[in-house]
Amino acid sequence: GFRADAAKTRELLGDCDMVTGLAVSWSGMSPRLQKTTTVAAEIRASSEAGAKGFAVYHLAYFTDEYFAAIREAITANKPAE
């Protein structure tokens, strides 16, 4: 899954900046959409794998629920100030 792929990518790249890609849907899945919880879990997995950030694709499919899930995942990954 996504977590294992992110960890394998980190292992292959070594010590360098990494950005992961997230999609709400893609051609093999359309018109079905990822669950918002899946998108949030992929963001957390990206962070745990050491990614410096992430890119989102298929913005046309994003609803307020997806943006809320992204905000929540980002906030959960931030260290307390």
- Does Ile74 share a hydrophobic cluster with Val24, counting links as ILVMFWY side-chain heavy atoms below 4.5 Å and allowing steps through other members? yes
- Task: State whether the side chain of Tyr66 and the backbone N or O of Gln34 hold a donor-acceptor pair below 3.5 Å, judged by distance alone.
- Result: yes
- Query: Which heavy atom in Ala73 sits nearest to a heavy atom in Ala40, and how many Å separate them?
  - Reply: CB-O, 3.8 Å
- Return the set of residues passing ring-ring contact (aromatic ring centres under 6.0 Å, His included) with Phe67 (not counting sequence neighbours), or none when no residue passes. Phe62
- Query: Is Leu59 linked to Leu22 within one hydrophobic cluster, defined over Ile, Leu, Val, Met, Phe, Trp and Tyr using a side-chain heavy-atom separation of less than 4.5 Å?
  - Reply: yes
- Considering only heavy atoms from C-beta outward, does the side chain of Phe2 approach that of Thr38 to under 4.5 Å? no
- Sequence neighbours left out, what passes side-chain hydrogen bond (donor to acceptor under 3.5 Å, both in side chains) with Thr63? Give chain and number order. Glu65
- Message: With side-chain hydrogen bond (donor to acceptor under 3.5 Å, both in side chains) as the rule and sequence neighbours excluded, what pairs involving residues 9-20 come up?
- Response: Thr20-Ser46
- Task: Could you tell me whether Arg3 and Glu48 make a salt bridge, using a distance below 4.0 angstrom between a side-chain N and a carboxylate O?
- Result: yes
- Short side-chain to backbone donor-acceptor contact, His58 and Ala23, under 3.5 Å: no
- Task: For the pair Phe54 and Ile70, evaluate side chain to side chain contact (heavy atoms under 4.5 Å, CB included) and give the outcome as yes or no after the intermediate values.
- Result: CA-CA 10 Å; Phe54 58 91; Ile70 290 171; 3.9 Å; yes
